[in-house]
Chemist: 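Before anything else, here's the structure in question.
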Protein chains: 2
Amino acid sequence: MVTTRHQRSTQKMLPCSALGEVRVDQVLRALGEPVRLEIVRALARAEQPMNCGAFGLTVSKSTSTHHFKVLRESGIIAQYDEGTARYSELRTTELEQRFPGLLTAVLTAE
Amino acid sequence: MVTTRHQRSTQKMLPCSALGEVRVDQVLRALGEPVRLEIVRALARAEQPMNCGAFGLTVSKSTSTHHFKVLRESGIIAQYDEGTARYSELRTTELEQRFPGLLTAVLTAE
DNA sequence: GGCCTTGTACGATTAATATCGTACTAACCG
DNA sequence: CGGTTAGTACGATATTAATCGTACAAGGCC
């Protein structure tokens, strides 16, 4: 069974932007970068949280960290720590509520 | 009656990217810039071609030219010349075909 | 022709972003 | 404790992108 966000609330959730404060151009900018789009697509395929190392990105660790941070600050993903790993998940529901159809359209594309 | 694209085909259409060759991240990047998003929104509201001067942009002429070029090269707008004016229009249909729901979602946002 | 309008082209500058390496922290395992 | 794992933080660099000013081109008008 997949752990839900609520169950994790006692754990180390990292601060992520309230989606109400995020503008759409910020989200588009965040998604308009190949590495970050790859991350988002992988999360969508997985349908469950993934730890940062599991993406098989071809960039350095520090560059990965940077991209995850951009995604988190633009409200696209949430992250929490578990042991030495940091897990990321798509904020699918919140995104859909704030920008209806956007994530679906981006994931559908091509 | 609104002039269609076909009727203008004998005029000076500028080369714009074939949408088949445009990747979604390029489109997202193009839309993720406030001035360009403003242009796209104005075109959507107008529902007809607008000349570049009609947008009331607060940037210089050369900067405008740059942004229109980015939008054109990413397949989002088409442009044609008429007299001394250059008109832009959204490639609504082609965009919808290539990236279903994307433009609508972006225009709906907020 | 001269002049205004509309917009481009080019080059320079500045600002933003992507990238990396190194040093570091925290959790776990022996 | 020391070593390993997973990832961050910081500082540097390199690349990309936004911005502008000036010079230019083409159409329309007198």
Side-chain angles (χ1 to χ4, degrees), chain A residues 8 10-17 22-23 25-40 42-43 46 49-74 76-89, chain B residues 8 10-17 22-23 25-40 42-43 46 49-74 76-89:
Chain A
R8 279 197 304 269
T10 54
Q11 301 179 14
K12 302 137 211 175
M13 292 301 295
L14 283 106
C16 58
S17 302
V22 176
R23 280 170 312 156
D25 58 283
Q26 192 183 342
V27 172
L28 294 170
R29 213 185 195 82
L31 294 172
E33 203 284 330
V35 175
R36 291 195 289 261
L37 193 49
E38 188 183 341
I39 292 172
V40 169
L43 285 173
M50 287 174 71
N51 70 3
C52 300
F55 292 86
L57 302 177
T58 54
V59 295
S60 72
K61 282 202 300 175
S62 39
T63 301
S64 292
T65 297
H66 164 69
H67 286 309
F68 281 107
K69 188 175 179 185
V70 171
L71 287 172
R72 194 173 24 136
E73 292 182 343
S74 59
I76 297 169
I77 66 170
Q79 295 186 301
Y80 63 95
D81 289 335
E82 214 169 80
T84 66
R86 172 161 297 188
Y87 287 84
S88 303
E89 62 184 344
Chain B
R8 280 199 302 270
T10 54
Q11 302 179 14
K12 301 137 212 176
M13 292 301 295
L14 282 105
C16 56
S17 303
V22 176
R23 280 169 314 154
D25 58 283
Q26 192 182 342
V27 172
L28 295 170
R29 212 186 196 82
L31 293 172
E33 203 285 330
V35 175
R36 291 195 289 261
L37 192 51
E38 188 184 340
I39 292 171
V40 169
L43 285 173
M50 287 173 69
N51 72 0
C52 300
F55 291 86
L57 302 177
T58 55
V59 294
S60 73
K61 283 202 301 177
S62 38
T63 301
S64 291
T65 297
H66 165 69
H67 286 310
F68 281 107
K69 189 175 178 184
V70 171
L71 286 172
R72 199 181 57 230
E73 291 182 342
S74 59
I76 297 169
I77 65 171
Q79 296 186 302
Y80 63 96
D81 290 336
E82 213 168 80
T84 65
R86 173 161 296 187
Y87 287 84
S88 303
E89 61 184 345

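Naming convention: chains lettered A, B, ... in sequence-line order (proteins, then strands); numbering from 1 in each chain.
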Chemist: Identify the residue among B:Asn51, B:Asp81, B:Thr65 that makes a side chain to side chain donor-acceptor pair (under 3.5 Å) with B:Arg86.
Modeler: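 Result for side chain to side chain donor-acceptor pair (under 3.5 Å) with B:Arg86: B:Asp81.
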
Chemist: Roughly, in whole Å, what's the span from CG in B:Leu37 to P in D:dA17?
Modeler: 18 Å

Chemist: Let me know the distance between NZ of A:Lys61 and P of C:dT25, rounded to the nearest Å.
Modeler: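 Roughly 14 Å, once rounded to whole Å.
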
Chemist: For the pair made of CZ in A:Phe68 and P in D:dA9, what is the distance, rounded to whole Å?
Modeler: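 These atoms are roughly 14 Å apart.
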
Chemist: List the residues meeting side chain to side chain contact (heavy atoms under 4.5 Å, CB included) with A:Lys61, not counting sequence neighbours, and say none if there are none.
Modeler: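 Here no residue qualifies.
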
Chemist: Work out which heavy atom in B:Ile76 is nearest to a heavy atom in B:Val40; give both atom names and the distance.
Modeler: CG2-CG2, 4.0 Å

Chemist: Rounding to a whole Å, what distance do you find between B:Tyr80:OH and C:dG7:P?
Modeler: 12 Å

Chemist: Work out which heavy atom in B:Leu43 is nearest to a heavy atom in B:Ser88; give both atom names and the distance.
Modeler: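 Heavy atoms only, the tightest pair is CD2-O, 3.4 Å.
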
Chemist: Got a sec, which residues hit side chain to side chain contact (heavy atoms under 4.5 Å, CB included) with A:His66, two or more places apart in sequence or on another chain?
Modeler: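 A:His66 satisfies side chain to side chain contact (heavy atoms under 4.5 Å, CB included) with A:Arg36, A:Val70 once adjacent residues are dropped.
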
Chemist: Indicate the atoms forming the closest heavy-atom contact of B:Glu38 with B:Phe55, along with that distance.
Modeler: OE2-O, 4.5 Å

Chemist: Could you run down nucleotides 9-19 of chain C 5' to 3' and tag each one B, S or - for protein heavy-atom contact under 4.0 Å?
Modeler: B-------SSB

Chemist: To the nearest Å, how far apart are A:Asn51 CG and C:dC28 C1'?
Modeler: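 A:Asn51 atom CG is separated from C:dC28 atom C1' by 15 Å.
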
Chemist: Roughly, in whole Å, what's the span from CG in A:Asp81 to P in C:dC28?
Modeler: 11 Å

Chemist: How many Å lie between CG on B:Leu57 and P on C:dT6, as a whole number?
Modeler: 14 Å

Chemist: Nearest whole Å is fine: how far is D:dA26 P from B:Gln79 CD?
Modeler: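 Answer to the nearest Å: 18 Å.
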
